[in-house]
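Indexing begins at 1, ligand by ligand and atom by atom, following the structure's order.
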Amino acid sequence: MWQKENLQNLIKDKMKDYLFIVVSNREPYVHVRKKGNIEWIRGIGGVTSALDPVMQSCDGLWVAYGHGDADRDVTDSKGKVRVPPDQPSYTLKRVWLTKEEEQGYYYGYANEVLWPLCHMAFERPIFRSEDWECYKRVNEKFAQAIIDEIGDRKAFVWIQDYHFCLLPKYLKQKAPRQIITAHFWHIPWPCHEAFRICPQKKEILEGLLSNDLLGFHIRQHCNNFLETIDREIESKIDRERVSIIKNDHETLIRPYPISVDFTGINEVVNSVAVQEKADALIQEFELSERQVLVGLDRIDYTKGLPDKLRAIDRLFAKHSELYGKVVFLQIGVITRLHIKKYKELNDEINALVEEINWKYAVSHWKPVVFVRRQFSLIELLALYRISTAAIVSSLHDGMNLVAKEYISSRSDHKGMLILSQFTGAARELTDAVLINPYDCDEFSEGIFQALNLTEDDRNKRMIKMRKIIHENNIYHWAGKIISELLEFEFRD
Ligand code: GDG
């Protein structure tokens, strides 16, 4: 079984003569100014939570956009700083972007085109040619930042996500013999019919085909990608090797389901700190003697938050015996608020919460508590542990790490996961209560079922799911990708 130590050893043995570089938009650590002092926080989001333990194991270089208001104060002249700040073990190199670049590349092309294009959530992408030009410029800027670090060395570069479709192409153009790239696509890859509307589709696909290895969470996303290439790009598809050959260059296409640090979570979850935080949450939100349903999502239209609230509404409409006995506690951190759709979603959520509480609340009890502050890891684990069940209601999700964190945190074998069948995680976690978030009746029935499971049933299902995540943990994910990456040989 892959654990932190295997990964460390693999990297120490095989990577020693090379540079190992991870590139992502979001940085793992952000420096901010608070009351005149400089403080640091961990970046939130799936990619960061997944890769930080991997980088700590191998002392690599992480290249990311530096957006904290004190980021420049702690870096050297090349934008570099050692992290984690309290236990430095690898280097973070920050790339600086202007407001216009952030707008066009991040909010514009990445999040108003590629994000809605790849998620089947029926949100229309907004194509603006100026955003595309900006996206290309920023990809070029990242390529130059990486090339500056590599010098005359050889490097394995591991690119994260949909912000960097053109980065592999630029890197290979600048240093064809020195770089081998793997690219992991953290969101779904849609069917060809959905993708073909994109005006820049050919350049995006050609950019991605500059990679040596291209990974998705599940086989279906790989198949969708192969079909897209088949229909759009002149190339040869090798179905045996599952690869695409274009202009004598081969790109391997592989499924790697991302996961969480199961062992790490289990080491922390039984601590006194988590127990104390659990008690504090019970007191703060008046949860004593009540069944608690929990949710934790970025506020994003793909996460199905209005659908989750409507299912809660239906649950109370059908089951008045639950009044006063069940509370739904949702943590939701606001992201991408500069995008109109996200503002509207936020308003829609506020209105739904207010309406549900107005309908059902009685003295000393309201059915929904919506908390908008960011939780620390300790609080997050405490939240998971006080629950009867957690609800993940994504309309479409590459994987969903909250689902896997939740299962990992329940070393007591209690709790239950109510999980949308449209998440990548649903492929592995078949013992969860699987729901269709679009079907309000079925969804609310699923919640009711999860509240009323026998202890024995709960136990058996949790044990099975925990075994799966214990084995397919984050080190397994990273280990598989890095092992495959190391098989490539640099061109002479
Ligand atoms: C993308 C894909 C894929 C959230 N709020 C807090 C907090 N978080 C952490 C969670 C979890 C992560 O953020 C969210 O990860 P998800 O996987 O659920 O979702 P995305 O951000 O959309 O991630 C997704 C992922 O990439 C990885 O490939 O699974 O499909 O969309 O780790 O715990 N963490 C803390 N406080 C919060 O308030 N500490």
Check [X] against ligand 1 and report side chain, backbone, both or neither, counting heavy atoms closer than 4.0 Å.
X	result
Glu379	neither
Leu380	side chain
Leu401	both
Val333	side chain
Leu296	side chain

Test of proximity, [X] against ligand 1: N or O pairs below 3.5 Å:
X	value
Met399	yes
Tyr384	no
Phe375	yes
Ile331	no
Arg298	yes
Asp397	yes

Q. Is the distance between the ring centroids of Phe184 and Trp477 under 6.0 Å?
A. yes

Q: Kindly say whether the aromatic ring centers of His31 and Tyr29 come within a distance under 6.0 Å.
A: no

Q: Could you check which of Arg372, His186, Arg373 puts a non-hydrogen atom nearest to atom 27 (C) of ligand 1?
A: His186

Check whether [X] reaches the backbone of [Y] with its side chain - one donor and one acceptor, N or O, closer than 3.5 Å.
X	Y	result
Asn6	Gln3	yes
Lys93	Ile146	no
Gln374	Val333	no
Arg385	Ser409	yes
Arg458	Thr388	yes
Asn266	Phe262	yes
Arg128	Tyr109	no

Can you name the atoms of ligand 1, numbered from 1 with element, that are less than 4.0 Å from a heavy atom of [X]?
X	answer
Glu405	10 (C), 11 (C), 32 (O), 33 (O)
Val402	10 (C), 18 (O)
Gly398	30 (O)
His217	3 (C), 28 (O)

Any heavy atom of [X] closer to ligand 1 than 4.0 angstrom?
X	answer
Lys303	yes
Trp115	yes
Arg42	no

Q: Over all heavy atoms of both residues, which pair between Pro437 and Phe443 is shortest? Give the atoms and the distance, please.
A: CA-CD1, 3.8 Å

**Q.** Glu203: partners by side-chain hydrogen bond (donor to acceptor under 3.5 Å, both in side chains), with sequence neighbours left out
**A.** none

**Q.** Sequence-distant partners of Asp297, side-chain hydrogen bond (donor to acceptor under 3.5 Å, both in side chains), two or more places apart
**A.** Lys308, Gln330

